[in-house]
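The structure appears right after this line, and notes come after that.
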Amino acid sequence: MARSTAMEAERLTLPLLIFTFLTLAAASSTNQIQILNAERRIDLSSHIVKVFLTLKVENVGTTSASEILLAFPPSQVDQLALVKAQIAIGKKKKKSYVHLEVNPTELPDTPNGTKYFRISLLNPLSSGGTATLEVLYILTHVLEPFPAEISQSESQLVYFRDSALVLSPYHIKQQTTFIKTPSTKVESFTRVEPTKLAGRELKYGPYEDRPPYSFSPVIVHLENNSPFAVVEELLREVEISHWGNIQITEHYKLVHAGARHKGVFSRVDYQSRPSFNGVSSFKHLVASLPPRVHSVYYRDEIGNISSSHLRTDYRKSELEIEPRYPLFGGWKATFVIGYGLPLEDFLFESPDGKRYLNFSFGCPLAESVVNKLTIKVVLPEGSKEPSAVVPFPVEQRLETKYSYLDVVGRTVLVLEKKNVVPEHITPFQLIYTLIFPYASENAPEARFCNLVVIYVPVFDIDMLILPSLSEEGDSFTCLIMRN
Amino acid sequence: MVASSPTLGWSGRSLSLLDPTYASKYIPIIASVSEHQPPTWPSYFMDINVLAFLVPAGIIACFLPLSDASSFVVLYIVTSVYFSGVMVRLMLVLAPAACIMSGIALSEAFNVLTRSIKFQLPGSSGTSQADSGDTSMSSDGEQNDIAKTEKMDEKAKERPSKKNKKKEKEPVERASVRSRIEKKLLVLPLEASVIAIILLVLLGAFYVVHCVWAAAEAYSAPSIVLTSYSPGGGLHVFDDFREAYAWLSHNTEVDDKVASWWDYGYQTTAMANRTVIVDNNTWNNTHIATVGTAMSSPEKAAWEIFNSLDVKYVLVVFGGLFPSAHTQISLELKEMFVDTDGKGFDRVRRTEIGKKYFKLTHFEEVFTTHHWMVRIYKLKPPKNRIRGKTKKSKSKASSTSSSKRSGTEAFERDLAEAWSAKCNSVRKILLSLPI
């Protein structure tokens, strides 16, 4: 009995030790780091909110720290599209930035359900050392239009809710927040002294010596007439053909996500005084496509939409599309954009014989948020083991598609992501192996040989051998011979 | 059952063929269709071109000789010409008859000309050459007196050719004599017949060119996407209809009903995916007339009618800013009127429309397309409270016993009276035009 309890105690000691170590580590990490200076710049000029956070951290603990935590209130975490961090190395002219990995993390004992992101430092910060981190995070759907419905001649006003103090698990010695507004018109803002509004910049701070997890909610009511172009669903189909072409088809469901339009739409006023009427509506959208794009089409369910312009360059192509009608708040439009690209720009062969496709993730429309993005890459027939290397988390799955002359079907790799912003336009790699390199489309000579092998003997038999077999010389064969 | 019907089984449209005034008196809806109007003279030339001149020649050719077949063709052409004169739509019936007739005329002409050439070619019959040379002079003399119009030439050629045919039936022993007489009567000079053949071939070629052009320009242009050429030479596309339908399909509820004139019924159903009140295949004339009444009534009455039909949106076609073939003048005068900034201009009558700068109280304009061609109005929900005495609102808008004294109501009454007067007068004028 005593031995069994002793053994149990022994079995328990190890997890207990680990647990205490972890809690101590967590506790110690929050006690270790102190933020000397936090400067936050919030850019509200478009409906995508970009926040640049510069943190000057100091390690006041005894052990070296290898990670820094970022905290976010739970309401903002759902709307976080992207979190990026980089560290400055070198001084003055030799300053360079190195990208750091940021991952979501969970911690026990979090007050009020705070969510965390962990920044992993390249070189652990020694005790007493300082480092400057630059963090960029992007929030979508945080600007709430108020009033929720506006008429044509009114300007769009939105609420922006945040905190005057930077939410952090560390003690912050000094912090300032700058909010950049798109125009000088700010209806109201919460005052948390010292606060100053000058032109297009609202300054909260500087605040001295705030304890960890200090939060001071503010609401800023400002005017924002930038186009609130939100693509509710985007389906991009990338079809790889080894004959030398990549065909891309994109299906958009576009909506204007700003204040809903109510009442009359007067085309008279809209056309005669555009600076005053329909300021929050948008007519044009610009899509950035790769260079050397061909066969671009822009249509919807009804048919072709003729209002579009394509400008090509040797570096990039720009497709400016105009939906059939200008989009006011709450109005929707759906359309399809399709284009072809040369294969050699995007498909490469790796040294181990596998092929990899280097393509850009994200939505080509400028300044637009995609609520749900699905990319389907259709690989040629006979491809095996597809895998994708994407710089941010996406959901992957496999499908099969049957297309021209397919026997076994083509493998389709489906990547899904929610809440995509233009900063997500980065290349990703898709690696696959081609099992039948000489029987699939990339060998036209092989196909020709196949045809020859089938047709030539048949021709020989019908035209040359059969007639000679017949001895009577009947009229049919005579006809053939004559023809 | 056929014999027991009041019109003995004839439908309204067929009766109006016999009595062109029937439709305008009893069934205005048939009279309003532009294809049911009598054609203009130029439209004959546009549709059948050169055949208009060859048909009379063909009729004469059919009379010499008059057989059963040729008399049938003559009857066919005469009746189809009469009916196409009543209703321009029946030009379709005239077309095959005209083709047959002109084919007969042309074949007879070619007969004579080629025979002339054949007889005058060296080596065809040596002795007859000299004879024909002598006789051709006299026959020339006969025929050179005749005017140079083609019709007359053909008549002249046909008379001898007919006589030639009759004489061929006689016994062969008089062939040589016969041939001399033939040659004397119908041989034309070689050069004249060669030139005549070339001219006839050119005529046929130009006819083909004209037909191809007419088919391309007048009968093939899709009327949903209109194009025009800008002064710089570029193509300007008026895609307003598809714009309006796309707007309807995306920005209205699925169950909303759209009222428009029946021309746009199928297009709205297919492209906007919304229920319409009348479409291209509505046989219920009363239903169409209801929509027509609503379109040409003043605001309040129109609202009542549309509300009873459970309509949410009204689609009208407006031609005030960009002229298009789609402006329906006869029954949709309202759309030329509805313009809140005073830009209404009636291109037909070249006058500005009075009563500008008014406000709509029962409808609100929810969408207008880029070139102003299609305008969509939404029915406003009824007011909760009626100003003035509670008992009424069933009487007509023009009734002066109404207790409403608000400025807009009086204004609307004036509008209604002016409108109905104008509508009726214009309707009468348009129906009397021979277009």
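So that the names make sense, note that chain A is the first sequence line, chain B the second, and so on, each numbered from 1. All values below were derived from every heavy atom in this structure, side-chain atoms included, with hydrogens, water molecules and symmetry-related copies excluded.
With respect to chain B, the highest number of heavy-atom pairs below 4.5 Å among A:Thr334, A:Asp269, A:Asp300 belongs to A:Thr334. Of all the listed residues (A:Pro326, A:Gly263, A:Gly330), the one sharing the greatest number of non-hydrogen pairs under 4.5 Å with chain B is A:Gly263. Among B:Asp239, B:Val366, B:Val237, B:Asp240, the residue making the largest number of heavy-atom pairs under 4.5 Å with chain A is B:Val366.
For A:Ser307, no part sits under 4.5 Å from any heavy atom of chain B, backbone or side chain.
Contact annotation for residues 244-255 of chain B against chain A (heavy-atom separation below 4.5 Å, listed by residue number): B:Tyr245, B:Ala246, B:Trp247, B:His250, B:Asn251.
Side chain of A:Asn371 to main chain of A:Glu233: no donor-acceptor pair is present (N/O by atom type, distance under 3.5 Å, no hydrogens or angles). No donor-acceptor pair closer than 3.5 Å links the side chain of A:Ser317 to the backbone N or O of A:Asp313. Remark: the backbone N or O of A:Val370 is not paired with any side-chain donor or acceptor of A:Glu232 at under 3.5 angstrom. Here the side chain of B:Thr369 pairs a donor or acceptor atom with the backbone of B:Met373 at under 3.5 angstrom.
The six-membered or imidazole ring of A:Phe282 lies near that of A:His256, with a centre-to-centre distance under 6.0 Å. For B:Tyr313 and B:Tyr377, the gap between ring centers reaches or exceeds 6.0 Å.
A salt bridge links A:Glu144 with A:Arg161: the distance from a Lys NZ or Arg NE/NH1/NH2 to an Asp or Glu carboxylate oxygen falls below 4.0 Å.
Residue A:Ile305 comes nearest to A:Phe335 through the heavy atom pair CD1-CB, 4.4 Å, listed as atom of the first residue, atom of the second, then distance.
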